[in-house]
Amino acid sequence: MIDLKYIQNHFNEASAQLLKKGVDPAILSQLRERFAALKEANAALEAAKAEQNSMSRLFGQYKREGKDIGELKARVDANKAAIVPLQEAARAAEAALSDLALTIPNLPDDTVPQGADEADNVEIRKVLEPRVFGFEPLEHWALAERNGWIDFERGVKLAKSRFSVLRGEAARLERALINFFLDRNRDKGFEEFYVPFMANSTMLQGTGQLPKFADDLFKIEDEDLYLIPTAEVPLTNMYHDEILPEDQLPVLMTAYTPCFRREAGSAGRDTRGMIRQHQFDKVEMVAIAHPERSDAVFETMVQQASDLLTELGLPHRLVELCGGDLGFSAARTIDLEVWLPGQNRYREISSVSNTRDFQARRARIRFKDGKKNRLVHTLNGSALAVGRTLIAIMENYQNEDGTITIPEVLKSYMQGNQE
RNA sequence: GGAGAGAUGGCAGAGCGGUUGAAUGCGGCAGCCUCGAAAGCUGUUGUCCGGGCUCCCCGGACCGGGGGUUCGAAUCCCCCUCUCUCCGCCA
């Protein structure tokens, strides 16, 4: 949730920032009005309640002293009746405000480049040179088909489209990658977690998936539970409604989870292969950071994701997302895109974001700053998307005969298997 | 799924329907003591919102969540959620 006081005091700046994210600033005027209306309604209600409280105290006193309470009771009854509509008004104002506030995205950092979409993202740097092939490299689905590694048809049969089955060495490689990522993240000080793959609506609101993006989630019937779209949800909400001691910051966490997404808005996109599935594996990093030190943590996380790709020998590039391509909760995001020779292009494999205090405000995650409680900054980043890494390894390490060479660092996880 | 018990401040644990935002203990913080520490003693110690234009005061809200009774509810009533114990089922 955005900072309502900031909107109030820096209306023009906030409007400009929101515009960068492609949001109509008119919504901010509306927000400001609703905020003012709530304050007014609350002031009236609280005054009436104060009156009621003081009369009630008097009531008790009269009774103890044996005084006549008839006249007082009449006054108190009248006031009580007057409170009812005020109560209603305040409640309505509250609902109107939060309904709107929860749908407004985070404000982007000043450093975020201007731009409408993906095309306006800014490349920061490339890491590793793409390999030169002496033959025409195949796309991952063709390789998978040739070797029987991915069974798309049976995935569909078992569930529906956009599900697939990994088989044999591919399934094993998937597991190897998960272990490799978790081990390396742990080496960098991220504590490993194993978390529920479902989360309730309060937690999803905390990280910003609800209420606005309910259509992107799989909901469990008759339960207040959703399949998690990312481990960011359980990890970030680990400290939901808690106040951390300052010396515990930053909290660095990592977890492997499958991720479940409806992909409601992406009909027809990436339908071939494993790029966009309803279920995929991901190892996630989440940090709860001191607000003055979150930028350094952000850099660490970007570097970590990049190092994993480098260690796997996968060429990639770092891209700073422009305002229009930034996610709902993010103030700043750097994507890592891996080179896919079969597709002859870079594809997103990790996304590292600093949400500043946007999620912290929604999830009420705070730390003790001396005597005061302050909101923390929360950050998240993939390290890495496992399925897409698998694809990248297949495409980058393919041989002319269709076999795949296992990257050096994974060999210990594959018990010496070379192919 | 069935039966019972419970949910109070960082933790433990009291709380006749009326100065109870809440006893007490632990923990935390500050001070005294000490060369220093421990022990001991003294004081202090919840969160959120609004106003004064701020670390001090005033008002409001909060004792799992939501309703209700009442002039007044942590305390009485109803619903929901969760936890624990027993039974059933189960990896």
Side-chain angles (χ1 to χ4, degrees), chain A residues 1-10 31-102 194 196-206 210-211 219-226 234 237-249 251 288 357-376:
Chain A
M1 188 137 98
I2 50 173
D3 185 349
L4 292 171
K5 277 186 193 153
Y6 177 81
I7 303 294
Q8 229 181 4
N9 300 327
H10 305 271
L31 187 70
R32 187 164 64 166
E33 282 162 26
R34 291 189 186 185
F35 189 44
L38 174 64
K39 266 167 95 165
E40 206 177 311
N42 271 339
L45 175 64
E46 283 172 16
K49 278 188 170 173
E51 180 69 17
Q52 188 76 2
N53 287 342
S54 77
M55 282 196 284
S56 281
R57 271 191 289 270
L58 210 57
F59 200 101
Q61 196 184 319
Y62 276 28
K63 275 210 125 167
R64 273 196 302 279
E65 294 170 359
K67 288 193 191 166
D68 176 52
I69 52 172
E71 186 259 357
L72 181 62
K73 176 148 166 55
R75 267 168 55 205
V76 116
D77 282 342
N79 192 61
K80 196 185 173 190
I83 284 179
V84 174
L86 292 174
Q87 187 102 43
E88 281 309 309
R91 200 171 295 185
E94 169 83 63
L97 177 67
S98 75
D99 283 355
L100 184 64
L102 287 172
Y194 178 83
F197 299 163
M198 297 184 202
N200 61 46
S201 56
T202 305
M203 300 305 127
L204 284 154
Q205 184 167 307
L210 289 178
K219 170 129 177 43
I220 306 298
E221 201 175 2
D222 298 330
E223 296 274 357
D224 180 32
L225 286 173
Y226 299 78
N237 282 298
M238 199 67 66
Y239 294 99
H240 189 104
D241 205 17
E242 293 191 28
I243 300 166
L244 291 142
E246 186 174 0
D247 61 17
Q248 256 183 44
L249 301 178
V251 179
I288 312 271
D357 60 12
F358 185 82
Q359 292 179 326
R361 185 171 295 108
R362 286 172 159 242
R364 296 196 302 279
I365 308 171
R366 293 151 293 168
F367 73 100
K368 271 269 180 255
D369 187 13
K371 241 188 115 170
K372 275 221 136 163
N373 295 329
R374 283 177 68 194
L375 295 171
V376 298

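Note that this is a predicted model, so its numbers are computed, not measured. Below, chain A is the first sequence line, B the second, and so on; all start at residue 1.
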Original post:
Mind checking the P distance from B/U47 to B/C29? Whole angstroms is fine.
Top reply: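 16 Å, rounded to whole Å.
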
[X] has an atom [atom1]; how far is it from atom [atom2] of [N], in whole Å?
{"X": "A/N79", "N": "B/G72", "atom1": "CG", "atom2": "C1'", "value": "13 Å"}
{"X": "A/N42", "N": "B/A61", "atom1": "CG", "atom2": "P", "value": "11 Å"}
{"X": "A/E40", "N": "B/G51", "atom1": "CD", "atom2": "C1'", "value": "15 Å"}
{"X": "A/L244", "N": "B/U47", "atom1": "CG", "atom2": "P", "value": "15 Å"}
{"X": "A/L375", "N": "B/C49", "atom1": "CG", "atom2": "C1'", "value": "14 Å"}
{"X": "A/K49", "N": "B/G72", "atom1": "NZ", "atom2": "P", "value": "12 Å"}

**OP:** Tell me which of A/K372 and A/E223 sits closer to the 5' end of RNA chain B, going by the nucleotide each one is nearest to.
**Re:**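 Here A/K372 is the residue nearer the 5' end.
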
Subject >> First of A/R57 and A/N373 reached from the 5' end of RNA chain B, by closest nucleotide >> reply: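 Per heavy-atom nearest nucleotide, the more 5' residue is A/N373.
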
Original post:
Across the strands shown, which category fits A/R91 at heavy-atom distances under 4.0 angstrom: base, sugar-phosphate, nothing?
Top reply: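 Sugar-phosphate contact only.
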
**OP:** Check every strand shown and say whether A/A43 touches a base, only sugar-phosphate, or nothing at a heavy-atom separation below 4.0 Å.
**Re:**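 Here A/A43 touches no strand at all.
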
Subject >> Test side-chain hydrogen bond (donor to acceptor under 3.5 Å, both in side chains) applied to A/N373 and A/K368, A/R366, A/R364, the passing residue >> reply: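 Going through the options one by one, the only one that passes is A/K368.
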
Subject >> A/Q52 and A/N79: side chain donor to acceptor below 3.5 Å >> reply: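 There is such a pair (donor and acceptor under 3.5 Å, judged by atom type) between the side chains of A/Q52 and A/N79.
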
